[in-house]
Amino acid sequence: MTLDRAQGLAESARALSAGEVTSRRLVEQALARIAATQGTLNAFRLVRAEAALAEADAADRELAAGTRRPLLGVPVAVKDDMDVAGEPTAFGCAGAHPAAARDGEAVRRLRAAGAVVVGKTNTCELGQWPFTEGPAFGATRNPWNHEHTPGGSSGGSAAAVAAGLVPAALGSDGAGSVRIPASWTHLVGVKPQRGRVSTWPRGESFQGITVNGTLARTVGDAALLLDAASGNHDLDPHRPPAIEASAAVGRDPGRLRIALSLKPPFTAVPARLTPQVRARVVALAERLAALGHEVEEADPPYGQIGLTFVPRATAGIAEWVAEAPFPALLDPRTRGAARLGRLLGGAPLRAARRAEAVLHRRIGGFFTSYDVVLAPTTAAPPPLVGAMLHLSGFATDRAMIAACPYAWPWNVLGWPGVNVPAGFTPGGLPVGAQLLGPAHSEPLLLSLAAQLEAELRWHEHWPPSPVAGSPDARPLVADSPDA
């Protein structure tokens with residue numbers, strides 16, 4: 001195991017179980033990689049150096065005693081919208097936030113599987129935008145090209161995994177916030193069924209549109225982390241039937257009917273699929289056809305689904321803003337979205353929630369003709385760092401919709417989606433495609449993604465090694481709650 005890049009999640013777990021490496025060694029290497037790249041990539045909001053090493057030592061004692069758990073001693077990272085006991089949850093916001101009293105349910109389950117959480121990764125303010133920048137922590141940069149964003153809002157987790165700082169990480173996805181950064185950093189990103197990975201202490205995050213998901217370099221690692229984090233708190237309102245994600249990875253998906261959907265769903269402002277992204281998604285469709293699947297162009301009957309998204313998203317922002325310890329430090333765009341959320345939080349929100357059942361029936365009917373939808377994850381490659389940072393609220397919305405019009409409908413539906421790497425633009429920037437399915441279809445999507453991975457071997461492609469000198473990233477002081 002080298003210092004340069006993390007081994008995969010499954011390989012790390014295997015090596016630990018076999019006694020080929022210690023957890024302390026893996027955690028020390030992860031911490032060294034994070035420290036070496038914080039000034040360039042700026043992937044982490046907080047590093048738990050001392051605590052993680054103590055947890056690694058405890059894991060080594062368990063391993064020596066013969067204890068085996070799925071991720072015992074393996075270093076991972078989580079997005080800074082998830083509670084880790086004793087650490088602040090800033091969720092991209094400025095100010096010195098109080099320490100969480102206990103782990104969120106997803107983090108608790110990761111720890112129960114034996115994982116060592118080395119740190120919390122950067123996210124934009126309240127996870128609203130497809131970039132990971134802000135005055136609270138600086139700019140997180142794309143390992144493939146430091147001039148570009150890794151996306152958002154799980155951009156810190158994506159940058160950390162893509163650069164090989166950690167083998168896998170948790171993120172959250174409320175409008176594509178796992179799938180978009182996975183697309184722009186050449187990763188597998190799994191947005192699971194609503195309730196698959198608990199968002200507790202919030203039973204419904206952002207009125208049910210946000211779920212926790214996984215980012216990894218391979219389908220197998222993404223599935224392994226999904227299995228470890230899956231499950232529910234006793235008070236969770238959504239409790240889908242259990243699946244075995246890892247078992248699906250080695251399963252032949254069979255011959256599938258795949259709808260290639262290139263038309264953006266309804267948006268209030270123009271959105272156009274750029275030619276370089278279209279070419280990569282079409283090439284992926286052609287590869288699926290060559291594997292024996294039946295592929296044809298067809299678009300799900302989305303209708304006016306966007307009208308149901310805005311009340312839920314903005315009401316969710318209003319809920320977070322109401323609890324923010326330093327509201328005066330929030331971005332003006334955040335405060336504007338919260339005002340709109342308060343206006344829409346009554347009858348419009350109730351109507352939007354009722355419409356979900358209608359959408360399930362209508363779009364669910366599409367899956368009587370098709371098994372899977374293949375769609376672009378984004379309409380464009382990753383933008384430059386700073387391209388959206390200082391725009392007005394309306395201009396940000398226009399730019400965001402133009403770049404990312406494809407991901408959010410599956411958040412309204414609450415159904416699974418998996419980003420897979422689709423290749424690179426002529427300029428070397430990663431782009432991705434989504435495999436989308438109906439309720440509880442993670443096993444099918446993962447088996448299909450694994451079949452593609454076996455053909456395309458995307459995990460063999462690494463970004464260039466990070467170098468020092470980025471002016472906008474801020475060095476992080478390990479174990480500092482205000483870093």
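These values consider heavy atoms only, across backbone and side chains, with no hydrogens, waters or symmetry-generated copies. Bear in mind the structure is a predicted one, so any value in this text is a computation, not a measurement.
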Inset, instruction - Tell me, with the steps shown, if Asn232 and Arg109 meet side-chain hydrogen bond (donor to acceptor under 3.5 Å, both in side chains). - result: CA-CA 9 Å; Asn232 294 107; Arg109 287 179 177 271; over 6 Å; no
Legend entry - Donor-acceptor contact present, side-chain Trp410 to main-chain Pro416, <3.5 Å: yes
Legend entry - Mutual orientation of the aromatic rings belonging to Trp200 and His233 [parallel < 30°, tilted 30-60°, perpendicular > 60°]: parallel
Inset, instruction - Please lay out, stage by stage, how Gln451 and His293 fare under the test side-chain contact (heavy atoms from CB on, under 4.5 Å). - result: CA-CA 11 Å; Gln451 185 186 51; His293 301 292; 2.7 Å; yes
Legend entry - Gap between atom CG of Leu224 and atom CG of Leu9 - 0.5 Å precision: 4.5 Å
Inset, instruction - Taking only Lys NZ, Arg NE, NH1 and NH2, and the carboxylate oxygens of Asp or Glu, determine whether Arg312 and Glu204 approach each other closer than 4.0 Å. - result: no
Legend entry - Leu344 side, atom CG; Arg339 side, atom CZ - distance, nearest 0.5 Å: 13.0 Å
Inset, instruction - For Glu453, check salt bridge (charged side-chain N to carboxylate O under 4.0 Å, His left out) against everything at least two apart and list the hits. - result: none
Legend entry - Mutual orientation of the aromatic rings belonging to His360 and Trp415 [parallel < 30°, tilted 30-60°, perpendicular > 60°]: parallel
Inset, instruction - Would you please test Trp144 and Phe424 for side-chain contact (heavy atoms from CB on, under 4.5 Å) and show each step? - result: CA-CA 10 Å; Trp144 292 92; Phe424 299 85; 3.7 Å; yes
Inset, instruction - Report yes if the side chains of Thr121 and Asp80 come closer than 4.5 Å at any heavy-atom pair, otherwise no. - result: no
Inset, instruction - Mark yes or no for whether Arg353, through its side chain, and Gln207, through its backbone, hold a donor-acceptor pair below 3.5 Å. - result: yes
Legend entry - Flag side-chain contact, heavy atom, 4.5 Å: Val74 against Pro167: yes
Legend entry - Nearest heavy-atom neighbours spanning Leu215 and Ala158: CD2-CB, 4.0 Å
Legend entry - Spacing of CD1 belonging to Ile363 relative to CG belonging to Leu413, to within rounding of 0.5 Å: 4.5 Å
Inset, instruction - Answer whether the closest heavy-atom distance between the side chains of Val118 and Val166 falls below 4.5 Å. - result: yes
Legend entry - Beyond-backbone contact of Thr140 with Val385, side-chain heavy atoms, under 4.5 angstrom: no
Legend entry - From Asp331 atom CG to Leu126 atom CG, the distance as rounded to the nearest 0.5 Å: 9.5 Å
Inset, instruction - State, yes or no, whether a side-chain contact exists between Phe206 and Glu319 at a heavy-atom distance under 4.5 Å. - result: no
Inset, instruction - Please lay out, stage by stage, how Val310 and Leu340 fare under the test side-chain contact (heavy atoms from CB on, under 4.5 Å). - result: CA-CA 9 Å; Val310 173; Leu340 179 59; 4.3 Å; yes
Inset, instruction - Determine, for Trp320 and Arg202, whether the Lys NZ or Arg CZ falls below 6.0 Å from the six-membered ring centre while staying within 45 degrees of the axis. - result: yes
Inset, instruction - Check whether any side-chain heavy atom of Leu170 sits under 4.5 Å from a side-chain heavy atom of Val178, and report yes or no. - result: no
Inset, instruction - Over all heavy atoms of both residues, which pair between Ala222 and Val188 is shortest? Give the atoms and the distance, please. - result: CB-CG1, 3.9 Å
Inset, instruction - For Ala433 and Val281, work out which heavy atoms get closest and say how close. - result: CB-CG2, 4.2 Å
Inset, instruction - Measure from the side-chain N and O atoms of Thr132 to the backbone N and O of Gly155, and report whether any donor-acceptor pair falls under 3.5 Å. - result: yes
Inset, instruction - Sort out for me which residue in Thr149, Leu429, Thr185 forms a side-chain contact (heavy atoms from CB on, under 4.5 Å) with Asn142. - result: Thr185
Inset, instruction - Could you tell me whether Arg102 and Asp83 make a salt bridge, using a distance below 4.0 angstrom between a side-chain N and a carboxylate O? - result: no
Legend entry - Non-neighbouring partners of Lys191 that pass side chain to side chain donor-acceptor pair (under 3.5 Å), sequence neighbours left out: none
Legend entry - Taking every non-hydrogen atom, the tightest pair across Pro192 and Val197: CG-CG2, 4.2 Å
Legend entry - Under-4.0 Å salt bridge between Asp371 and Arg257: yes
Legend entry - Test salt bridge (charged side-chain N to carboxylate O under 4.0 Å, His left out) applied to Lys120 and Glu87, step by step: CA-CA 9 Å; Lys120 304 186 75 179; Glu87 311 291 0; over 6 Å; no
Inset, instruction - Of all the heavy-atom pairs spanning Ala380 and Trp184, show the shortest one and how long it is. - result: O-NE1, 2.9 Å
Legend entry - Nearest heavy-atom neighbours spanning Arg179 and Gly189: CG-O, 4.1 Å
Legend entry - side-chain hydrogen bond (donor to acceptor under 3.5 Å, both in side chains) assessment of Ser198 paired with Asp236: CA-CA 7 Å; Ser198 177; Asp236 275 339; 2.8 Å; yes
Inset, instruction - Using the test side chain to side chain donor-acceptor pair (under 3.5 Å), find all partners of Asn145 that sit at least two apart in sequence or belong to another chain. - result: none
Inset, instruction - Would you mind reporting whether Leu262 and Arg278 have side-chain heavy atoms less than 4.5 Å apart? - result: yes
Inset, instruction - Compute the ring centroids of His186 and Trp458, then answer whether they are less than 6.0 Å apart. - result: no
Inset, instruction - May I ask you to check whether over 12 heavy atoms, not counting those of Glu296, lie within 6.0 Å of atom CD? - result: yes
Inset, instruction - Apply side-chain hydrogen bond (donor to acceptor under 3.5 Å, both in side chains) to Thr377 and Asn419, showing your working. - result: CA-CA 7 Å; Thr377 302; Asn419 176 80; 2.7 Å; yes
Inset, instruction - Look at the side chain of Asn122 and the backbone N and O of Asn42, then say whether any donor-acceptor pair between them is shorter than 3.5 Å. - result: yes
Inset, instruction - Would you sort out whether Thr334 and Glu125 count as a side-chain hydrogen bond (donor to acceptor under 3.5 Å, both in side chains), showing the intermediate values? - result: CA-CA 8 Å; Thr334 300; Glu125 192 169 286; 2.6 Å; yes
Inset, instruction - Check each of Cys93, Ser172, Ser157, Ser153 against Thr123 using the side-chain contact (heavy atoms from CB on, under 4.5 Å) test, and report the only one that passes. - result: Ser153
Inset, instruction - List the steps and the verdict of salt bridge (charged side-chain N to carboxylate O under 4.0 Å, His left out) for Glu356 and Arg194. - result: CA-CA 13 Å; Glu356 187 178 311; Arg194 184 183 298 149; 2.8 Å; yes
Inset, instruction - Check whether any side-chain heavy atom of Leu456 lies under 4.5 Å from a side-chain heavy atom of Pro421, and answer yes or no. - result: no
Inset, instruction - Kindly compute the distance separating CG (Leu359) from CZ (Arg354), expressed to the nearest 0.5 Å. - result: 13.0 Å
Inset, instruction - Using only heavy-atom distances, determine whether the side chains of Arg251 and Ser447 contain a donor-acceptor pair under 3.5 Å. - result: no
Legend entry - Charged tip of Arg217 within 45° of Trp462 ring normal and under 6.0 Å: yes
Legend entry - Working for side-chain contact (heavy atoms from CB on, under 4.5 Å), residues Gln276 and Val431: CA-CA 9 Å; Gln276 59 265 51; Val431 295; 5.9 Å; no
Inset, instruction - May I ask you to establish whether Arg333 and Trp129 are in a cation-pi arrangement, using a distance under 6.0 Å from NZ or CZ to the six-membered ring centre and at most 45° from the ring axis? - result: yes
Legend entry - Cationic N near anionic O, under 4.0 Å, Glu455 to Arg287: yes
